[in-house]
A.B. asks: 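My questions will all concern the structure given below.
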Amino acid sequence: MISLNDYAALVGPEVIGQLHRLAERLGPRHFVHINSTRSGGGVAEILSRAVPLLNQLGMDTSWEVIHGDQDFFEVTKAFHNALQGFKVNISPEMLDHYREINRENARRFNWEVDFVLVHDPQPAFLIEEMRDRANHWIWRCHIDVSRPNLQVWRFLREIVSQYEASVFSMSQFAQNLPHPQYLIRPSIDPFSEKNRDLTPEEIQTVLYRLGIDRDKPIILQVSRFDSFKDPLGVIQAFRLVRRHTPCKLVLAGGEATDDPEGPRIFAEVMAAADGEPDIQILLLPPDAHHEVNALQRAADIIVQKSTREGFGLTVTEAMWKGKPVIGGAAGGIVLQLQDYNTGFLVHSPEGCAFRIRYLLHRPEMARRMGQIAREFVRQHFLITRHIRDYLTLVTLLENPPSRIIEL
Ligand code: UDP
């Protein structure tokens with residue numbers, strides 16, 4: 001098992017020492033994280049790694065997942081789409097169903113804790129039913145809410161306002177709320193199966209199993225099949241590049257149990273690819289971490305052409321693997337890709353095609369960009385920093401700001 005001390009080799013022993021000091025200062029505390037899926041998507045990815053490490057630090061931390069039916073996840077996906085700016089129709093009955101499923105979940109939970117961190121809108125309403133069960137309620141938003149649909153945001157705002165604090169990934173997402181808002185960047189775990197170093201043989205074995213030939217440079221996007229990830233735009237960009245420069249496109253994606261739109265978008269992507277041999281579309285199971293790792297390491301260029309993005313862990317993962325990344329200039333991608341330095345930002349399929357071609361013709365620049373990207377991730381987006389931020393946040397909530405807090 002990976003121990004917290006193993007991270008010292010990457011981030012320095014002083015960072016690990018600081019984590020221990022913060023945790024000791026807090027003393028034994030019960031901390032619960034709640035979200036809506038155990039696998040698939042960035043939130044599950046982070047929780048699967050952060051929860052064991054918080055336990056290693058002496059915080060009694062658990063991870064609860066709310067249950068819901070198909071209708072519930074249709075409503076919450078509509079919330080998600082609306083908060084990222086789409087027009088959606090949500091009826092009063094749908095809102096009732098959302099509340100009812102949260103009430104049912106509240107009846108299932110029987111813990112009493114110090115801190116609850118509720119991730120995203122799906123379980124947000126639990127606070128109505130369970131307020132007395134925790135000393136501190138924090139709402140963590142992972143979504144790109146830079147331009148939310150106001151009708152849906154007003155509904156959610158009323159619920160979220162009951163929390164003591166909320167957490168967003170960047171200042172552009174902060175909202176008008178009656179409580180403090182904290183900005184915490186997400187992170188990746190360098191020792192997870194998704195990110196650990198792989199041998200060339202391990203990479204080759206996965207490629208062989210997935211039927212991917214390395215006869216041409218590989219352009220890769222890894223994403224849930226979701227329209228905000230713009231897989232159709234990636235195919236369009238690829239076709240523009242391929243007219244002049246040989247390469248192949250791999251679109252790898254899976255499904256998340258809390259995202260009912262996957263099959264529809266997947267069908268659209270299959271239709272757009274139209275059986276072209278140089279476009280490979282992989283539908284991966286949610287636990288295909290090793291496969292995603294190998295694909296990212298095998299790729300020559302990694303794309304994340306999102307039009308809205310809460311953060312984009314796939315970008316962080318690719319940068320950590322020393323890859324040049326081309327990302328849509330949206331949400332949290334902008335925090336990671338500094339144009340011309342740690343990666344490239346693009347605004348259209350044409351722009352994406354231009355940058356793919358640019359990098360394919362400049363392998364030395366692509367290599368340097370990847371090195372800079374990896375160092376940027378090491379400094380800012382590894383899980384040790386994320387855990388420090390969470391420990392600092394709960395310390396602040398236990399010590400109202402008028403007091404002197406020695407961290
Ligand atoms: N992911 C995966 N398999 C897939 C698609 C995505 O393991 O088929 C992972 C991906 O590697 C990343 C996470 O799911 O760790 C997606 O996080 P991101 O922040 O990029 O997007 P989200 O899905 O949360 O919008």
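In listed order, ligands and their atoms are each counted from 1.
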A.B. asks: Salt bridge or not between E45 and R49? Use side-chain N to carboxylate O under 4.0 Å.
C.D. replies: no
A.B. asks: Looking only at distances, please establish whether an N/O atom of ligand 1 is found under 3.5 Å from an N/O atom of S223.
C.D. replies: no
A.B. asks: Side chain, backbone, both or neither: which part of D226 comes within less than 4.0 Å of ligand 1 when only heavy atoms are counted?
C.D. replies: neither
A.B. asks: Please determine if D189 and K194 form a salt bridge, counting it only when a charged side-chain N lies under 4.0 Å from a carboxylate O.
C.D. replies: no
A.B. asks: Check whether any side-chain heavy atom of Q371 lies under 4.5 Å from a side-chain heavy atom of R368, and answer yes or no.
C.D. replies: yes
A.B. asks: Considering distance alone, does some N or O of R224 sit under 3.5 Å from an N or O of ligand 1?
C.D. replies: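 In this structure, R224 places an N or O atom under 3.5 Å from an N or O of ligand 1.
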A.B. asks: Could you tell me which atoms of ligand 1, counted from 1 in the order shown, lie closer than 4.0 angstrom to a heavy atom of K229?
C.D. replies: 21 (O), 22 (P), 23 (O), 25 (O)
A.B. asks: So is R147 actually on top of W153's ring, under 6.0 Å and inside 45° of the axis?
C.D. replies: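 Because its charged atom misses either the 6.0 Å distance or the 45° angle limit, R147 does not stack over W153.
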A.B. asks: Using a strict 4.0 Å cut-off to heavy atoms of V222, name the atoms of ligand 1 that fall inside it.
C.D. replies: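 Under 4.0 Å from V222, ligand 1 has these atoms: 5 (C), 6 (C).
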A.B. asks: Do you know which of F115, W139, Y390 makes ring-ring contact (aromatic ring centres under 6.0 Å, His included) with H33?
C.D. replies: Y390
A.B. asks: Among all the protein's non-hydrogen atoms, which is closest to atom 3 (N) of ligand 1, and how far away is it?
C.D. replies: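 Nearest protein contact, heavy atoms only, for atom 3 (N) of ligand 1 is V292 CG2, 3.8 Å.
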A.B. asks: Show me which atoms of ligand 1 lie under 4.0 Å from any heavy atom of G312.
C.D. replies: 19 (O), 20 (O)
A.B. asks: In terms of atom number and element, which parts of ligand 1 are under 4.0 angstrom from non-hydrogen atoms of K194?
C.D. replies: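 Checking each atom against K194, I get 2 (C), 7 (O), 9 (C), 10 (C), 11 (O), 15 (O).
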A.B. asks: Is G253 near ligand 1, meaning one of its heavy atoms is under 4.0 Å from it?
C.D. replies: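 The answer is yes: ligand 1 sits under 4.0 Å from a heavy atom of G253.
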A.B. asks: Can you tell which part of E317 has a heavy atom less than 4.0 Å from ligand 1: side chain, backbone, both or neither?
C.D. replies: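 For E317, the contact with ligand 1 is made by the side chain alone.
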A.B. asks: Between the side chains of D114 and H30, does any donor sit under 3.5 Å from an acceptor?
C.D. replies: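 Short answer, no.
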A.B. asks: Which ligand 1 atoms are under 4.0 Å away from a heavy-atom of T314?
C.D. replies: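 Listed by number with element, the hits are 10 (C), 12 (C), 20 (O).
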A.B. asks: Does atom CZ (R196) have a neighbourhood of more than 12 heavy atoms from anything else shown, all under 6.0 Å?
C.D. replies: yes
A.B. asks: Check the side chains of R131 and Q162 for a donor-acceptor pair under 3.5 angstrom, ignoring hydrogens and angles.
C.D. replies: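 A donor-acceptor contact under 3.5 Å links the two side chains.
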A.B. asks: Is there a polar contact, in the sense of an N or O pair closer than 3.5 Å, between L313 and ligand 1?
C.D. replies: yes
A.B. asks: Parallel, tilted or perpendicular: which fits the ring planes of Y163 and W137, with parallel below 30° and perpendicular above 60°?
C.D. replies: perpendicular
A.B. asks: Would you say ligand 1 has an N or O under 3.5 Å from any N or O of G42?
C.D. replies: yes
A.B. asks: Consider every N or O of G254 and every N or O of ligand 1, then say whether any pair is closer than 3.5 Å.
C.D. replies: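 Yes, at least one N or O pair falls under 3.5 Å.
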